[in-house]
Asks: 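Okay, handing you the structure first.
Numbered from 1 within each chain, the chains take letters A, B, ... in sequence-line order.
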Amino acid sequence: MAGLLDQLNPQQRVAAEITEGPVLIFAGAGSGKTRTLTYRLAHMVREKGVPVEQILAVTFTNKAAGELKERIAGLIGDEAKKLWVGTFHSICARILRQEGEAIGIPPNFTIYDEADQAAVVKEALSVLDGDSDESYSASEILNRISRAKNELLDVQGYRRTRKGPMDEMAQRVYAYYEQRLRANAALDFDDLLMRTVELLETKRSVLQRLQDRLRYILVDEYQDINHAQYRLIQLLGGKSGNICVVGDDDQSIYGWRGANVGIILAFESDYPNCKVVKLEQNYRSTKRILACAHDVIRRNAARADKRLWTDNHEGDKVVVYQALNEEEEAEWVTSVIRGQVNSGNARPGDYAILYRTNAMSRQFEDKLLEKGLPYEIVGGLRFYDRAVIRDALAYLKVISNPADGFSLRRIINRPARGIGAKTLAALDRLARRENITLLEACGRAQEAEGLTDRARAAALDFHHLMRRLADQVDQKPLPHFVRDVLDSSGYLAALTNSEKSDERSQAEDLGELITVAAKFAERREDSSLSAFLEHLALISDIDRAENLDSRVSLLTLHSAKGLEFPIVFMVGLEEEVFPHRRSMDDPFELEEERRLCYVGMTRAERMLYLSYANSRTVFGSRQRQQPSRFLKDLSPEHIERRGDLEHLLLPPRPKTEDEVLRGGPPRSRIDLTALLARAKENQSIAAERQVAEGAVAGSRAGNGQRTGHGGKAGSVSGEKRFRAGTKVTHKKFGQGIVVSASDDGEVVLTIAFPQVGVKKILASAVEAR
DNA sequence: TCTATGGCGCTTTTT
DNA sequence: GCGCCATAGA
């Protein structure tokens, strides 16, 4: 049998063969990185005799961890199960559950997510900043605390680095915040890393045990790690020195959350005896796609020296589409998809629509639904962010960790039990005075001062309820227990019996949570409540996505990292959208935006479409947009421009005196003849679509994956069939031409009026002529 | 104590 | 254009 590594190209092979000592692998986009790592690990186990349990692999997402494990299992079989693969956060959580007590962390600690963190910071601000008239934003402060923790700075350390009054306040909040988290036996995301480092730095025996056990360490996406993560790897790998890191500085896109590209660039000086391997052959994209991606990234100054190349086909030109507005952009994107799917050239699962911010997903979702295309949205309005779900989880968190007073506050009066702010304050005073938890204070409510008998009884009842539930936690399978909690707390009943339909739909969300618990219990060996809560805290949006292969994927550019799709649409390529407004005044952040653009483009295998809109609704008002600077970097010979509207604009006529005074129109006028031609183009697309809709009618309802979005029935445009190109008259704006029509229960037409501009108008307000 | 209303600020990106 | 928060009223 030929050696495992014969399956690799020469560079990949080198990367896989060097198993001892520090190794830095620069793996360009689409260079077969996962394949190389899979073979590397299989080779270590199979041919070098490395015991599987001595290997630790760190990936960026849980999904990537699962995939790596699966692929290795394909080469070495069941032994792969013993491999420890996970994200930094999940690995640290596991270490701290097992060993954290050595530094005072109880094993049942709760993980606070961003919303929990914000609640603590807000409390801190109201306590510390109560009388001052300066107000600081909680998110800004939180950001600073997070940065400090990523830099491994505790409150004292942070004090030394602080500069302005904001830091002064942040440092005071930080101190308060830490005290509250500890009192509630809670850790935030950053603590998972920081406190693991603290554990390893202060408890030598723990460090040694881990170093002896984990003799081979592999870190993926090394360009996106922060200082705490860097230190962690340094500690764990400190004895064996077998540290293999993989990354691509051109794909570093998490600087905003403390990641530091400098870390990967400094690896060679950190480990002077390290071997460096570059994987530069791309197997994913066409020559043209790579050329365009290179056009964008080459403008960044600080890059490691490398250049991606490919043997793949030249491919089609990259399409750059100029849309009228965001709605027409979505219309175009989805028409192209519909057309290609109908012609049998592609399946919905081949497509990804990538955007800069989650808020942009909406138009695309609407249009996909309208066209009967199945889709899956990654991220955005998250299931676990819904208030009901957070409440339900708060119950579970209190049961799992009775010290968690923040979660307790959330639920103590939900459903209403007559425990309001006043009662709570009295209980809180008692808890502080007696140095007990808030839950214990409920149990000793008779000692609290200034409470009515009714309030005391309510607090005692609540305490009794939580005690009873806590006693049952290990007696029943997880999904049963979750149901019991929701039942006996009265929470589920209160919603199920509600007269309000939105509350009944919340009850359904709770049902969904029970399903999630059931699935979790099915798949996991450890299906304890605390394992469940940890899982929920540490899975990412992308981990939850299950149907990216069979549906049109909608996701942010950030979420797309590490993925690939045959056909990619990058949308909203406009100044202030992408590059984002908040990045535009900082050259470093601009470089990161550019890398993000590069990451997006290199996701595409066969075909890449880039689009931008002339105008877009931002915060509810219409704005004129300029094409993104990234588009200007593309070589003309590799792109094909479509939908160009510039020539449609005529110079504005001079303002009348009256208009000057009122500051009113004119703006640029639109060339009606040219627009008509454009509208006809849309019309033929629309006609094509109607044929297509006939074919898929019936399979339309319930295509969308995201719950909570009411599915629309398949009406196309109401009784009056307005289509693109129809000439209409409006009593105020005069004559115009329909550009597109949409149906949200009411038919809304986008109409171009030569004198007035483009307006959205109810179909009922115009006459066809 | 709970609920309805209006004002205001806001969106990067996520483990 | 929407969701959160503060405020006022029942």
Asks: So which nucleotide from dT15(B), dT11(B), dT13(B) ends up closest to the side chain of W256(A)?
Replies: dT13(B)
Asks: Using the ring of Y174(A) (Phe, Tyr or Trp, six-membered ring only), decide whether R144(A) places NZ or CZ under 6.0 Å from its centre and within 45 degrees of its axis.
Replies: no
Asks: Which whole-number value in Å describes the distance from E221(A) CD to dT14(B) C1'?
Replies: 14 Å
Asks: Between T61(A) and dT15(B), does any side-chain N or O lie under 4.0 Å from OP1 or OP2?
Replies: no
Asks: Hey, does the side chain of S139(A) come within less than 4.0 Å of dT11(B)'s phosphate (OP1/OP2), counting only N and O?
Replies: no
Asks: If the condition is salt bridge (charged side-chain N to carboxylate O under 4.0 Å, His left out), which residues does D116(A) pass it with, not counting sequence neighbours?
Replies: R390(A), K397(A)
Asks: Quick one: side-chain hydrogen bond (donor to acceptor under 3.5 Å, both in side chains) partners of D391(A), sequence neighbours excluded?
Replies: R410(A), R414(A), Y491(A)
Asks: In terms of side-chain heavy atoms of F189(A), which of dT1(B), dT15(B), dT13(B) is nearest?
Replies: dT15(B)
Asks: Between F60(A) and dT15(B), do the rings stack, that is, sit under 5.5 Å apart with planes less than 30° off each other?
Replies: no
Asks: Within this structure, what is the NZ-to-C1' distance between K561(A) and dT13(B), rounded to whole angstrom?
Replies: 12 Å
Asks: Please determine whether a side-chain nitrogen or oxygen atom of S559(A) lies at a distance below 4.0 Å from atom OP1 or OP2 of dT14(B).
Replies: yes
Asks: Report the distance from atom CZ of R94(A) to atom P of dT15(B), rounded to the nearest whole Å.
Replies: 21 Å
Asks: With DNA chain B as reference, determine whether E589(A) or I419(A) sits nearer its 5' end, using the nearest nucleotide of each.
Replies: I419(A)
Asks: Does a side-chain N or O of T357(A) approach OP1 or OP2 of dT11(B) to a distance below 4.0 Å, or not?
Replies: no
Asks: Starting at OH of Y355(A) and ending at C1' of dT11(B), how long is that distance when rounded to a whole Å?
Replies: 14 Å
Asks: What is the nucleic acid contact for N413(A), judged by heavy atoms within less than 4.0 Å: base, sugar-phosphate only, or nothing?
Replies: sugar-phosphate
Asks: What residues, two or more places apart in sequence or in another chain, satisfy side-chain contact (heavy atoms from CB on, under 4.5 Å) together with N143(A)?
Replies: R147(A)
Asks: Taking atom P of dG9(B) as reference, at what distance in whole Å does atom CD of E140(A) sit?
Replies: 16 Å
Asks: Does the ring center of F60(A) lie less than 6.0 Å from the ring center of Y254(A)?
Replies: yes
Asks: Between dT13(B) atom P and R603(A) atom CZ, what is the distance in whole Å?
Replies: 19 Å
Asks: Which ones in residues 141-149 of chain A lie close to DNA chain B, meaning a heavy atom under 4.0 Å from one of its atoms?
Replies: none
Asks: Output all residues satisfying salt bridge (charged side-chain N to carboxylate O under 4.0 Å, His left out) with R94(A), sequence neighbours left out; order by chain, then residue number.
Replies: none
Asks: Taking the six-membered ring for Trp, are W256(A) and H558(A) ring centroids under 6.0 Å apart?
Replies: yes
Asks: With sequence neighbours excluded, tell me which residues meet side-chain hydrogen bond (donor to acceptor under 3.5 Å, both in side chains) with E593(A).
Replies: R356(A), S583(A)
Asks: Name the residue closer to the 5' end of DNA chain B, choosing between G420(A) and D190(A) according to the nucleotide with the nearest heavy atom.
Replies: G420(A)
Asks: Which is true for Y254(A) with a 4.0 Å heavy-atom rule: it touches a base, it touches only sugar-phosphate, or it touches nothing?
Replies: sugar-phosphate
Asks: Looking for any heavy atom pair under 4.0 Å, which part of the strands does Q229(A) touch: base, sugar-phosphate only, or nothing?
Replies: nothing
Asks: Measure CD/Q117(A) against C1'/dT15(B) and give the value in whole Å, please.
Replies: 11 Å
Asks: Measure CG/N226(A) against C1'/dT15(B) and give the value in whole Å, please.
Replies: 10 Å
Asks: If the condition is salt bridge (charged side-chain N to carboxylate O under 4.0 Å, His left out), which residues does E114(A) pass it with, not counting sequence neighbours?
Replies: none
Asks: Please list, chain by chain and in numerical order, all residues satisfying side-chain contact (heavy atoms from CB on, under 4.5 Å) with N260(A), sequence neighbours excluded.
Replies: I263(A)
Asks: Which listed nucleotide (dT11(B), dT1(B), dT14(B)) is nearest to the side chain of F619(A)?
Replies: dT11(B)
Asks: Only one of Q623(A), Q626(A), R616(A), R624(A) forms a side-chain hydrogen bond (donor to acceptor under 3.5 Å, both in side chains) with E574(A), so which one is it?
Replies: R616(A)
Asks: Does N358(A) have a side-chain nitrogen or oxygen under 4.0 Å from the phosphate oxygens OP1 or OP2 of dT14(B)?
Replies: yes
Asks: Closest to the T556(A) side chain: dT13(B), dT11(B), dT15(B)?
Replies: dT13(B)
Asks: Which nucleotide wins on minimum distance to the side chain of H89(A), given the candidates dT15(B), dT1(B), dT14(B)?
Replies: dT15(B)
Asks: Using atom P in both nucleotides, what's the gap between dC4(C) and dT13(B) to the nearest angstrom?
Replies: 15 Å
Asks: Pick out the pairs of N or O atoms, protein on one side and nucleotides 5-10 of chain C on the other, that lie under 3.5 Å.
Replies:
| from | atom 1 | to | atom 2 | distance (Å) |
| --- | --- | --- | --- | --- |
| dC5(C) | OP1 | K122(A) | NZ | 3.3 |

